[in-house]
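Following: one structure in structure tokens, then a few remarks.
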Amino acid sequence: MEMLSQLDWAPGLSDPTSNRQAKPRTCGNTMVIDKGLGLKAYEDLLDTAAAYIDVIKLGFGTSPLYPKAILQEKIRLASQHDIHIIPGGTFLEIAVVQGAIADFFRSMNRFGFHGIEVSDGTIEMSRLLRNELITTARDQGLRVFTEYGKKMHGSKVEIEELLTTIHVDLEMGAEWVTVEGRESGIGVGFYDHEGRPAVEEMDRMLKQFSKLDKMMWEAPLKSQQVFFIQKFGHSVNLGNISPTDVLALEALRRGLRSDTMKGFGPSI
Amino acid sequence: MEMLSQLDWAPGLSDPTSNRQAKPRTCGNTMVIDKGLGLKAYEDLLDTAAAYIDVIKLGFGTSPLYPKAILQEKIRLASQHDIHIIPGGTFLEIAVVQGAIADFFRSMNRFGFHGIEVSDGTIEMSRLLRNELITTARDQGLRVFTEYGKKMHGSKVEIEELLTTIHVDLEMGAEWVTVEGRESGIGVGFYDHEGRPAVEEMDRMLKQFSKLDKMMWEAPLKSQQVFFIQKFGHSVNLGNISPTDVLALEALRRGLRSDTMKGFGPSI
Amino acid sequence: MEMLSQLDWAPGLSDPTSNRQAKPRTCGNTMVIDKGLGLKAYEDLLDTAAAYIDVIKLGFGTSPLYPKAILQEKIRLASQHDIHIIPGGTFLEIAVVQGAIADFFRSMNRFGFHGIEVSDGTIEMSRLLRNELITTARDQGLRVFTEYGKKMHGSKVEIEELLTTIHVDLEMGAEWVTVEGRESGIGVGFYDHEGRPAVEEMDRMLKQFSKLDKMMWEAPLKSQQVFFIQKFGHSVNLGNISPTDVLALEALRRGLRSDTMKGFGPSI
């Protein structure tokens, strides 16, 4: 499909994001959270914005609630548009609690998901089991996206713990590590009860780990998207983006919206 | 249409909601508010989530704003998927104010609506007229869903009045009684200006009326849905659900989301 | 397409908005902001609500992010439904900053946009250049919608400046002047950080300029829509309306929703 670039649009316009990578990208990834789109809305999303989407997550445990044919078609269409589709981490956590891990992986393969999210947002999980889940997935050709942080309101980031998690997860084969932001962006992870990021803590962490291409920030609120793009540049990885916000986020990344028009943070 | 059950999904997974009723349900109803979906989005909703929807309300007085063919198709598709479709109570209130009740009922029948909502959220209505509206609807084969509470910001629930309303409405033939929550879930009924439910008052009421299958709670905010499911269990009736939240709500009901994963309130 | 009027719906109902103009309207315009709808959702919007939409704005700089075929189809469908389609003002501001104004206008014509928005929400723009942009557009047969106000959070309306801007913009050929409200409706223009309008300032302004048909109010929040309809009547021009809110807004305009059911502001 022919995409309009800014230059194509108006030949005299220089494109401030001409260094924005095309897919498959090593940074500047956008991960969309799908809370239950119907097939027509899903097709709309891909027809309009597939070039700007790298991963689609079927939020929480919604995956088994779909009619089978719709789930299969969602996975097929994602493949066709070079988008990785994964179930939400909560669904794996449920399988863990119920001792149904093998069944979970069989279903992943039966349906053709491209990867999984490994998280412990709701349950307790030993480092050993976390390693095992990552390895099992990798052995089966699945991509692994891991997540750090509890979903409980008011839960905070422990910097040392986060750093350790990142190091080990990546070593085991994870693509990137997400810091929990939930679908709301409020009162978890680096966010306070109004969704504002704790900048000082974040900076303290980044002094010790600065490979931003290996970090994915859940940033459902526009204010958070602006924050990360201003702080880290247009190639920051951003997740839990609502399907209705994908073009607006891409406009932010490319300086096509007021908040980021005048400049960008340091390129990563 | 073949639906995935949790057990089908992963044979080793036990389904904590195996006692969730299929349609037609006597409890655990989900009522969706449709503020003006186009036909493709409406088809999407039914194709994806019809199994989880019991009633669709065309919000406020939007019904007469649709092109006739679209309204008729919405009603036809709802019938086909065993979903009751009704106009918002405000529309009937307008007919009452204008002395056009007979015309209102003729239109209900001409278009094939399955039921009506009887409310006095904006106007004053005598108990006598309320009885008459319920009876007229029942005589014409229409289902009746009644609502208690004013829409004015800051209006509170009067427990005695609510209890009386419930008793009489049900006796007259109403399916269930809704406590006003508006589309916003803020500052009306049992909700304060931040959408938090007044738990003590609610408990005081429930001491005197505990047939929860006859109560419908308008709970547009996720925090409210979590509250009711944690308090009353997965089979609580919940209304004014946004079309985009139906799968996410069903995930909450079935323990497939963090907030309700670890357990459920008392089954009703 | 046959629309249901209230009278058609229920012959006994008198229509309190029988004086609401049909398209093309001189007042009571609704301007929708499209942040990136796919084609099916866009068709849904037009099929359901075209009679209630006067202008569609492709928000910020999203226009060049669409696949070319989709953009062209959006413009074609808008024409077919007598809706003016324009790119967001930010996109023109970018062209200005980059010295690509001529290219911008060539693109407008190549794609067949019906008009443009002239704003200086992010950049500084001289009155001279503003005049030139309006004149150039008018000379090319494009409609011009201008906007007053900065997008920066906390920026306020300067009444004298606003009045001058309105007078000169209209004299140069603008259809109407918009007061900045952003997509959020928070902390800019006449809105405080909770989206409440500054009534006193607004009244002070209106003492000196009262041609409300030449003013467009960006009112993305429902509370703001209610405010303007109660203050100015159902024929006030309202903009930055979300596609999902068009029918709900029309219900407000026509007294088909609780908030505006009992009466209307002074007709304009």
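Letters go in sequence order (proteins before strands), and every chain restarts at 1. Because only heavy atoms are used, hydrogens play no part in the values below, and waters and symmetry mates are left out as well, while side chains stay in.
Side-chain contact between B:D259 and A:R182 is present, with heavy atoms from C-beta onward closer than 4.5 Å. No side-chain heavy atom of B:T48 sits under 4.5 Å from any side-chain heavy atom of A:L39. Residues A:P67 and B:D47 form no side-chain contact, since every pair of their non-hydrogen atoms from C-beta on lies 4.5 Å or further apart. Between B:Y52 and A:L65 there is a side-chain heavy-atom pair separated by less than 4.5 Å. Contact annotation: the side chain of A:T62 never approaches that of B:R257 to less than 4.5 Å [non-hydrogen atoms, C-beta and beyond].
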The test is side-chain contact (heavy atoms from CB on, under 4.5 Å); show your working for A:F60 and B:L256 and say whether it passes. CA-CA 7 Å; A:F60 354 110; B:L256 292 168; over 6 Å; no
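Side-chain N or O atoms of A:Y66 include none that pairs as donor or acceptor with a backbone N or O of B:A49 at under 3.5 Å.
Shown here is B:K211, whose NZ atom has no more than 12 heavy atoms of other residues, nucleotides or ligands within 6.0 Å. Summarising the local packing, CD of B:Q80 is surrounded by more than 12 heavy atoms from other residues, nucleotides or ligands at distances under 6.0 Å. The number of heavy-atom neighbours closer than 6.0 Å to CD of B:E200, taken from other residues, nucleotides and ligands shown, is 12 or below.
Between B:S258 and A:T122, the closest heavy-atom pair is OG-OG1, 2.6 Å. Smallest separation of non-hydrogen atoms from B:D44 and A:K40: OD1-N, 2.8 Å.
Along residues 31-38 of chain A, the residues that come nearer than 4.5 angstrom to chain B, judged on non-hydrogen atoms, are A:K35, A:G36, A:L37, A:G38 in order of number.
B:A41 does not touch chain A: none of its heavy atoms, backbone or side chain, sits under 4.5 Å away.
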